[in-house]
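To find a chain, count down the sequence lines: A is the first, B the second, and so on, and within it residues start at 1.
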Protein chains: 2
Amino acid sequence: MSTPTGTRRSDGARTHEAILEASARLASVEGINGLTIGRLAEELGVSKSGLFAHFGSKEALQLETIEAAKEIFDREVVRPALEAPPGLPRLEALFEAFFSYLERGVFPGGCFFAGLLADEDARSGPVHDRAVHLEREWIDFMEQLVREARELGHIKKDDDVEQLTFELYAYLELANYHFVLFRDPDALELGRVAAAERLSRALTEPRRSPTNHR
Amino acid sequence: MSTPTGTRRSDGARTHEAILEASARLASVEGINGLTIGRLAEELGVSKSGLFAHFGSKEALQLETIEAAKEIFDREVVRPALEAPPGLPRLEALFEAFFSYLERGVFPGGCFFAGLLADEDARSGPVHDRAVHLEREWIDFMEQLVREARELGHIKKDDDVEQLTFELYAYLELANYHFVLFRDPDALELGRVAAAERLSRALTEPRRSPTNHR
DNA sequence: CCTACCGATCGGTAGG
DNA sequence: CCTACCGATCGGTAGG
C-alpha cells in the first residue's frame, strides 16, 4: 500500500503529464488557440479551476502543451530515426517514422507541429516565438541528417542541402494536411513516393531497383 | 445626389462585400475559427449586432468569408495564370502568381486557403466540408494544367500527373507557411527554386539554360 | 483538488 | 443599422 520507492515520478507529476498529453491531443484538433481550459477539464472529468491550478495561466498551459507534444514527437519520430545508422538509412528511417506516426494517429488531429506552424505563423507573442524556435530546430535537424548522408557519400554534393531539405519536408507537410483533411491514406502514399523519388534522384549510386520515375 | 444608374451593386451589397474582405483578412491571421463577430465589428467600427444582421449566424459568416476569399484568390492567382498560354507557360504563370500573391501580402496572414486547410483539416461540419471541396477543386485545377502541359508535349509523360502535382503543390504550401512564420522572403525563394527545378526536370526539351541542379 | 464566484467576451435576440 | 439585453463560456481568483 506504500508508494514503491522505485517510482521516479510523483503522482502529481504523472497527473501533470497526463493532463498535458490530453491537452496536446485536443490541441492537435482544435488548434493551440482553440484549446480552452474548460473543454480540457471536461474531457478529463476535473473541475476547471482544479486544472487551472496546474498551470497558472492559459499561456503557460499552451507552452507546456507544446513541450509535452515535443516529447511525444521525439519519442515517436526522432528517436526511432536515430536508431538507424547515419546517412541515407537514417534519413529514410526519419521519413518512415513520420509517416507511421501519422498512420497510427498519435495525435488525432495529425502532426501536432504542422498544426502549430499554421496556427501560429501569423500571430505574435510567446507561443509564436516558441513555434518559430522549434520549427528552426526541426529544419536544422533534417538538414543535419541530409548533410551526414552527403558526407558519407550516400547522396550527391550537387544538391544544395537547404533546398533538398525544404523539398523533402514539403512532402511530409502536405501529406499530413491532406491525410487529415481527406481522411485518406493515399495522401501518405503520395508523400512517401515523393520523398523516396527525391532521395533516389540525389543518390550517388543507383539502387538495386534503379527506377528513376513512377 | 441621386444614385447613378450605372452603379451595378447597391450600397448594401458593396458594404456586405467590404465586410467579407475584412473578415477574410482577419481570418487569415486568426484562423476561420478564431474569427469572432465582436472583433470584426470593432475592426470595422460598427456594432456587433449590426454586423451580425448581415449574416444571421457565425457559421454563415464563416462560409461567406470563404467564398469572398475564393473570389480574391481567383482574381489574384487563378485569372492571371489563365491569361498565359496553356501548357508550361500557364503552369509557370500560376506559380509566379501564387508567390506574388504571398509577396504582396494580399492576406496579412499568408494564403487564406493554406490557413483554412490546416484549421479545418481535423474538424467536422459545414466549414470543414467546404474546405474539403475547395481543396479538391484546387488540386483538380492544378492537375488539369499539368495534364495540358503534358498533352501539348511540354512535359514528359513518364511523370504521374497526380504525383507531380502533389510535389509542386507541396512547395507552394511550405513556402507560404515558412514565409509567414519566419517573416522571411527566403522561404519564397526556396519554393520558387523547388518548383522551377521540378518542372525543368519534367520537360521534354531542356531549356536555353540547361542546368539540372542548383 | 473543490465550490463559488469575478468581469469580459462569446454567439445570438428583441425591439426599434 | 442601433441600444440593450440574453445565457453560455472564456480566463482567472478567493477561499477552503
With both distances under 3.5 angstrom, what nucleotide forms a Watson-Crick or G-U wobble pair with dA14(C)? dT3(D)
Does dC2(D) have OP1 or OP2 under 4.0 Å away from a side-chain N or O of Ser47(B)? yes
Passing option when His133(A) is tested against Glu137(A), Glu135(A), Arg136(A) for side chain to side chain donor-acceptor pair (under 3.5 Å): Glu137(A)
So Arg201(B) and Glu197(B), salt bridge (charged side-chain N to carboxylate O under 4.0 Å, His left out) or not? Walk me through it. CA-CA 6 Å; Arg201(B) 238 183 1 98; Glu197(B) 286 193 352; over 6 Å; no
Applying the 3.5 Å cut-off to both distances, the Watson-Crick or G-U partner of dT9(D) turns out to be dA8(C)
Regarding Glu120(A) and Asn33(A), is there a side-chain donor-to-acceptor distance under 3.5 Å anywhere? yes
Mind checking whether Phe166(A) and Tyr169(A) have ring centres under 6.0 Å apart? no
Please encode protein proximity along nucleotides 10-16 of chain D as a string of B, S and -, counting only heavy-atom distances under 4.0 Å. BBBB---
For a side-chain contact (heavy atoms from CB on, under 4.5 Å) check, start with the C-alpha distance between Leu134(B) and Phe73(B), then their side-chain angles and the critical distance, and finish with the verdict. CA-CA 12 Å; Leu134(B) 291 174; Phe73(B) 187 84; over 6 Å; no
